[in-house]
There are 2 protein chains.
Amino acid sequence: MTQTPNKPISHAPAQGQQNQPAIPPDGPEISDLLCFAIYSANHALTRLYRPLLAPLGLTYPQYLVLISLRHNPGQTIKALGQQLDLETNTLTPLLKRMEEAELLRRVPNPQDDRSRLLELTETGAERAAKAGEITACIVEGMGGDLEELLDLRDRVNALRSRMGAT
Amino acid sequence: MTQTPNKPISHAPAQGQQNQPAIPPDGPEISDLLCFAIYSANHALTRLYRPLLAPLGLTYPQYLVLISLRHNPGQTIKALGQQLDLETNTLTPLLKRMEEAELLRRVPNPQDDRSRLLELTETGAERAAKAGEITACIVEGMGGDLEELLDLRDRVNALRSRMGAT
DNA sequence: CCACTTTATGTCGTGCACGATATAAATATG
DNA sequence: CATATTTATATCGTGCACGACATAAAGTGG
């Protein structure tokens with residue numbers, strides 16, 4: 001475990017004592033930044049998922065859509081967007097690609113002519129089931145014990161909600 | 001703090017007792033997934049950075065490049081890629097845009113004709129200094145106390161290294 | 001019922017990420 | 001030294017993200 005714990009995260013000057021900078025003089029290093037850790041962990045996760053999702057013809061965001069629709073059939077695009085914290089400018093093209101791949105349908109909403117409901121096709125449902133199974137492999141790939149991973153998830157989610165995410 | 005701690009992260013069947021699934025029957029929910037927490041936290045962070053970086057004419061990856069070059073002047077593209085865990089197919093266009101914006105130069109490496117060294121222009125150095133300062137605002141925006149954030153960073157980095165990231 | 005506003009979705013342009021592939025220079029090997 | 005391999009960078013195509021903008025259908029207030 002190569003890890004140098006608790007280096008400063010920013011170089012905000014210490015309020016009281018000016019002459020003893022506990023913080024690097026010319027700004028933070030990449031390795032100091034929590035935002036970089038998250039940014040880069042996200043890339044690493046994508047790399048972990050890709051070889052497992054590629055055989056299913058799925059990208060990572062598409063995997064998330066399948067997971068979500070499996071638990072919320074007939075969801076609107078807006079509701080999906082709220083769950084994934086994505087806008088329609090991201091979702092519309094993504095969903096179109098998935099519809100073209102016969103994974104889902106965007107059917108009119110009888111309650112509201114502006115809206116569409118999302119339902120998995122049979123293929124989509126099968127794919128969603130397989131996709132759900134690979135999660136275990138990912139947990140494997142992430143290493144560490146389960147307690148740690150669950151705790152980390154909760155802390156990251158706490159950070160998300162402090163940042164005003166949905 | 002809306003938070004339901006320690007729901008299961010995957011639905012790997014409990015080894016011993018088949019008849020009492022401690023894990024949801026039809027796969028994980030979005031909110032169960034550590035990978036989604038990280039994926040989404042990354043988006044939230046980008047949203048936090050954007051209004052601060054836009055006035056400097058920077059994107060988030062460009063901000064990272066400036067931070068890195070500030071501490072490692074004359075770095076090669078490869079070295080930068082190792083630090084940011086990015087390939088040249090990402091970096092080359094990004095660096096070209098930054099060169100066009102007069103933030104840096106890609107000068108020939110006298111040691112190796114294949115390679116190029118990266119140096120900040122004067123504008124780039126000024127921008128890097130300003131960029132370093134906004135980190136404090138981000139820490140502000142992330143909320144929570146500093147201890148928590150530093151600990152979180154170290155845990156995320158530990159996860160990164162378990163996933164085989166640089 | 002008629003503007004006015006809000007809401008659900010879509011379109012467009014830009015900038016990442018990244019797999020696949022290309023190219024030229026450095027290095028290794030016979 | 002000639003060939004083979006490796007290495008540093010670049011190119012191309014696809015799929016996100018997302019700001020800015022467009023459109024049509026609800027809703028809302030006179």
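A note on names: the letters A, B, ... follow the listed sequences, proteins ahead of strands, and every chain is numbered from 1.
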Seminar exercise, completed: Considering only heavy side-chain atoms of T92(B), the closest of dT11(D), dA8(C), dA26(C) is dT11(D)
Exercise. In degrees rounded to 10°, what angle is found between the helical axes fit to the five outermost pairs at each end of the helix from dC1(C)-dG30(D) to dG30(C)-dC1(D)?
Worked result: 20°
Problem set entry | Atom pair distance, as rounded to whole Å: CE in M98(B) and C1' in dG15(C) | 13 Å
For this session: Provide, to the nearest angstrom, the distance between the CZ atom belonging to R116(B) and the P atom belonging to dA24(C).
Result: 14 Å
Exercise. Is D32(B) reaching over with its side chain to a backbone N or O of E29(B), donor-acceptor style, under 3.5 angstrom?
Worked result: yes
Exercise. So, do L86(B) and H43(A) sit near enough that their side-chain heavy atoms are less than 4.5 Å apart?
Worked result: yes
Exercise. Can you name the residues that form a side-chain contact (heavy atoms from CB on, under 4.5 Å) with E148(B), not counting sequence neighbours?
Worked result: R155(A), R162(A), D145(B)
Exercise. Does G132(A) offer a backbone N or O that forms a donor-acceptor pair with the side chain of T135(A) under 3.5 Å?
Worked result: yes
For this session: Please state how far atom CD in E99(B) lies from atom C1' in dT9(D), giving the value in whole angstrom units.
Result: 13 Å
Side-chain atoms of residues 48-62 of chain A: list all donor-acceptor pairs with protein atoms under 3.5 Å, sequence neighbours left out, distances to 0.1 Å.
from, atom 1, to, atom 2, distance (Å)
Y49(A), OH, Y63(A), OH, 3.1
T59(A), OG1, Q62(A), N, 3.3
Y60(A), OH, C35(B), O, 3.4
Y60(A), OH, F36(B), N, 3.4
Q62(A), OE1, T59(A), N, 3.2

Exercise. Sub-3.5 Å donor-acceptor pair from the side chain of R153(B) to the main-chain atoms of A37(A), do we have one?
Worked result: no
Seminar exercise, completed: With R105(A) as partner, the option from E100(A), E119(A), E122(A) fulfilling salt bridge (Lys or Arg N to Asp or Glu O under 4.0 Å) is E119(A)
Problem set entry | Closest contact, heavy atoms only, T76(B) versus S115(B) | CG2-OG, 3.6 Å
Exercise. Do S161(B) side-chain atoms and A158(B) backbone N/O form a donor-acceptor pair below 3.5 Å?
Worked result: yes
Problem set entry | Nucleic acid contacts - residues 101-111 of chain A versus DNA chain D, non-hydrogen atoms under 4.0 Å | none
Problem set entry | Basic-acidic side-chain contact under 4.0 Å: R47(B), D85(A) | yes
Problem set entry | Flag, side chain of E99(B) to backbone of R106(B), donor-acceptor distance under 3.5 Å | yes
Exercise. Does G124(B) offer a backbone N or O that forms a donor-acceptor pair with the side chain of T121(B) under 3.5 Å?
Worked result: yes
Problem set entry | E140(B) atom CD, neighbour heavy-atom count above 12 within 6.0 Å | no
Seminar exercise, completed: L91(B) atom CG is separated from dA8(D) atom P, nearest whole Å, by 14 Å
For this session: Please check the phosphate of dT9(D) (OP1 and OP2 only) for any side-chain N or O of K96(B) closer than 4.0 Å.
Result: no
What are the atom names and distances for every N/O pair under 3.5 Å that joins the protein to nucleotides 22-24 of chain D?
none

Would you tabulate the nitrogen or oxygen pairs shorter than 3.5 Å linking the protein to nucleotides 16-20 of chain C?
from, atom 1, to, atom 2, distance (Å)
dC16(C), OP1, T59(B), OG1, 2.8
dC16(C), OP2, Q62(B), NE2, 3.0
dC16(C), OP2, R97(B), NE, 2.8
dC16(C), OP2, R97(B), NH2, 3.1
dC16(C), O5', R97(B), NH2, 2.8
dA17(C), OP2, Y39(A), OH, 2.5
dC18(C), N4, N89(B), O, 3.4
dG19(C), OP1, R50(A), NE, 3.3
dG19(C), N7, N89(B), ND2, 2.7
dG19(C), O6, N89(B), ND2, 3.0
dA20(C), N6, N89(B), ND2, 3.4

Exercise. Over how many whole Å does the gap from D112(A) atom CG to dG27(D) atom P extend?
Worked result: 6 Å
For this session: Write down the distance between CG (D113(B)) and P (dT23(C)), rounded to a whole number of angstrom.
Result: 19 Å
Exercise. Rounded to the Å, how far apart are L118(A) CG and dT9(C) C1'?
Worked result: 11 Å
Exercise. Counting only N and O atoms by type, is there a donor-acceptor contact under 3.5 Å from the side chain of S68(A) to the main-chain atoms of L64(A)?
Worked result: no
Problem set entry | Rounded distance (Å) that lies between atom P of dG15(D) and atom CG of L53(A) | 15 Å
